[in-house]
J.: 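One structure is given below, represented as structure tokens, and several questions about it will come after.
Read the numbers this way: they start at 1 and go in the same order the structure lists the ligands and their atoms.
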Amino acid sequence: MQIKRGMEIKESPIAKTETYRNFPMVPRVVFGKNSFDQLGGILMPKRKHSDAPFIFLVDDVFEGKELANRIPLMFNDKIIFISADEEPKTSQVDTLVNRILTEYKDLPSGIVGIGGGTLLDLSKAVAVVLTNKGGAADFQGWDLVQKAAIYHVGIPTISGTGAEVSRTTVLLGPERKLGINSDFTTFDQVVLDPNLTKGVSKEQWFYTGMDCYIHCIESLNGTYLNAFSQSYGEKALELCKEVFLEDLCPSESRDKLMMASWHGGMSIAYSQVGVAHALSYGLSYLLGIKHGIGNCLVFQHLTEFYPEGVELFNKMKERQGIELPNGICANLTESDFDTMISIAMGMEPLWENALGKNWRDSITPEKLRSIYEKI
Ligand code: NAD
Ligand code: ZN
């Protein structure tokens, strides 16, 4: 079986020699409301010495907010606030690594990422590059990382991407958007505190939540499906339905979407995403449209591929009172369309998962253009 995720368009070197992939999982996880307040105790035994700080990479939406004051700083620990307005770049990772190496004489005790998929991916990448020779772009691909990363902790503040469980970190590099896929990428510790997702806007809650829903639909309807992926995918789907179609109280919704994200991430670890992700990467590459909303913009037009999934998506969208923007592709040039189509068609494993080995029989540039024109 081929196992690939996200923008990953090249064959994994290990997949050729192993019959089944041997995946790392997050070894420690704490779940519960206000579990964030246990962070100081969790980090304490991991402190190497007083000169080796913890570096907290935190979404700048929390700058000056109560959460920032609850970060358990000691000795020369540092908080670096980072904007999630743009998805993470390899150059941004290199800048952060250089800053940390210049500022401190010892390697940090660890990196703690606090935020959504953007901050979680950045934190994983910084932890990996800090201990390895080279820049982030050198490790984009499969199993190119030679040395274990420094201890790193992921603390999601919005639910849906599954970045908290995955062994990849998706980065926009000089040449390509591609993950650092390695056993060393996975977090050493995750703190799941549903209360941290309290401030998320209705729209963003939906977009990132739908990333999880779409992971489930693409995994469960894919040709790579197996019992491992199915078991996680079905649970995540059930939780998404509860969250977006039933009358749960906000606190229950936060708990359930956080666990849906976890299960959805586990589901695609052993399978692959599909049509929506392939087309969404085209939008992201050309127009910088972010992952969650990009997937929604595409998915609404995929009835042909996922009839039941799209019907349910529309129900959820209506029930949540979400209006997706339109006219996104209205003024694009021929060459713009060609760029997006070529990016999308390059996602071979995604198409193969969605439609089988003969996917090229039905997926043509004209077909993809007709979908992009609707967006
Ligand atoms: P995000 O991290 O980009 O954040 C979206 C918005 O929500 C930002 O404006 C952010 O500031 C805000 N936000 C986050 N938490 C908040 C809170 N508690 N209160 C108020 N605002 C808050 O969103 P995302 O959808 O979680 O992540 C998208 C990224 O995840 C993309 O870069 C994508 O490539 C990546 N991703 C990674 C994986 C993986 O396995 N590594 C999987 C899927 C997606
Ligand atoms: Zn996704």
J.: What atoms of ligand 1 come closer than 4.0 angstrom to any heavy atom of Gly199?
T.: 19 (N), 20 (C)
J.: Hey, what do you get for CG (Asn181) to OG1 (Thr168), rounding to the nearest 0.5 Å?
T.: 3.5 Å
J.: Will you find, in the side chains of Asn295 and Ser280, an N or O donor that is under 3.5 Å from an N or O acceptor?
T.: yes
J.: Any idea which part of Thr168 is under 4.0 Å from ligand 1, heavy-atom wise: side chain, backbone, both or neither?
T.: both
J.: At a non-hydrogen distance cut-off of under 4.0 Å, which region of Asp121 contacts ligand 1 (side chain, backbone, both, or neither)?
T.: side chain
J.: Show me which atoms of ligand 1 lie under 4.0 Å from any heavy atom of Ser166.
T.: 39 (C), 40 (O), 41 (N)
J.: Between Tyr213 and Phe313, how do the two ring planes meet: parallel, tilted or perpendicular, split at 30° and 60°?
T.: parallel
J.: Is there a nitrogen or oxygen of Asp85 sitting under 3.5 Å from a nitrogen or oxygen of ligand 1?
T.: no
J.: Please determine whether Cys212 has a backbone or side-chain N, O or S atom lying under 2.8 Å from the Zn ion (ligand 2).
T.: no
J.: Looking only at non-hydrogen atoms, find the nearest pair between Val275 and Ala354 and report the distance.
T.: CG2-CB, 3.7 Å
J.: Under 4.0 Å, heavy-atom basis, I'd like to know which part of Ala163 is in contact with ligand 1: side chain, backbone, both or neither.
T.: both
J.: Which atoms of ligand 1 are found less than 4.0 Å from any heavy atom of Val200?
T.: 16 (C), 17 (C), 18 (N), 19 (N), 20 (C)
J.: For Ala52 and Leu107, which heavy atoms make the closest approach, and how far apart are they?
T.: CB-O, 3.4 Å
J.: Please could you name the atoms of ligand 1 that Pro88 approaches to less than 4.0 Å, counting only its heavy atoms?
T.: 32 (O)
J.: Relative to ligand 1, is Pro156 under 4.0 angstrom through side chain, backbone, both or neither, heavy atoms considered?
T.: neither
J.: For ligand 1, is any non-hydrogen atom under 4.0 Å from Phe62's backbone (N, CA, C, O), its side chain (CB onward), both, or neither?
T.: side chain
J.: To check you understand the geometry: which heavy-atom pair defines the closest contact between Arg70 and Asn34, and what is its length?
T.: NH2-OD1, 4.0 Å
J.: Rounded to the nearest 10°, what angle sits at the Zn ion (ligand 2) between NE2 of His215 and NE2 of His277?
T.: 100°
J.: Return yes if a side-chain donor-acceptor contact under 3.5 Å exists between Ser267 and Ser219, otherwise no.
T.: yes
J.: I'd like to check whether Asp59 has a polar contact with ligand 1, where a contact means an N/O of the residue lying under 3.5 Å from an N/O of the ligand.
T.: yes
J.: Can you list the atoms of ligand 1 that are under 4.0 Å from a heavy atom of Gly116?
T.: 2 (O), 26 (O)
J.: Report the part of Thr157 (side chain from C-beta onward, or backbone N, CA, C, O) that has a heavy atom under 4.0 Å from ligand 1; answer both or neither where that applies.
T.: both
J.: Taking heavy atoms and a distance under 4.0 Å, where does Lys198 meet ligand 1: side chain, backbone, both or neither?
T.: neither
J.: Determine, using heavy atoms of Gly160 and all atoms of ligand 1, whether some pair is separated by less than 4.0 Å.
T.: no
J.: Do Asp336 and Thr333 have side-chain atoms, one donor and one acceptor, less than 3.5 Å apart?
T.: yes
J.: Is the CD atom of Glu86 crowded by more than 12 outside heavy atoms at less than 6.0 Å?
T.: no
J.: Number the atoms of ligand 1 from 1 as they appear, then name those within less than 4.0 Å of a heavy atom of Glu87, with their elements.
T.: 31 (C), 32 (O)
J.: Would you say Thr223 and Lys357 are linked by a side-chain donor-acceptor pair, where the criterion is simply a distance under 3.5 Å?
T.: no
J.: Among Ile150, Val145, Asn132, Asp143, which one satisfies side-chain contact (heavy atoms from CB on, under 4.5 Å) with Phe184?
T.: Val145
J.: Test your reading of the structure: does Gly117 have an N or O sitting under 3.5 Å from an N or O of ligand 1?
T.: yes
J.: Considering distance alone, does some N or O of Thr118 sit under 3.5 Å from an N or O of ligand 1?
T.: yes
J.: Between Leu196 and ligand 1, which part of the residue brings a heavy atom under 4.0 Å of the ligand: side chain, backbone, both or neither?
T.: backbone
J.: Minimum heavy-atom separation for Leu297 and Pro325, please, with both atom names.
T.: CD2-O, 3.4 Å
J.: Mind telling me whether Tyr281 and His291 have parallel, tilted or perpendicular rings, with 30° and 60° as the class edges?
T.: tilted
J.: Do the side chains of Ile111 and Leu130 get nearer than 4.5 Å, heavy atoms only?
T.: yes
J.: Taking distance alone, with N or O pairs closer than 3.5 Å, would you say His291 contacts ligand 1?
T.: no
J.: Using a 4.0 Å cutoff against the non-hydrogen atoms of Asp211, which atoms of ligand 1 qualify?
T.: 43 (C), 44 (C)
J.: Can you tell me the N, O or S atom of Asp211 that's nearest the Zn ion (ligand 2)?
T.: OD1
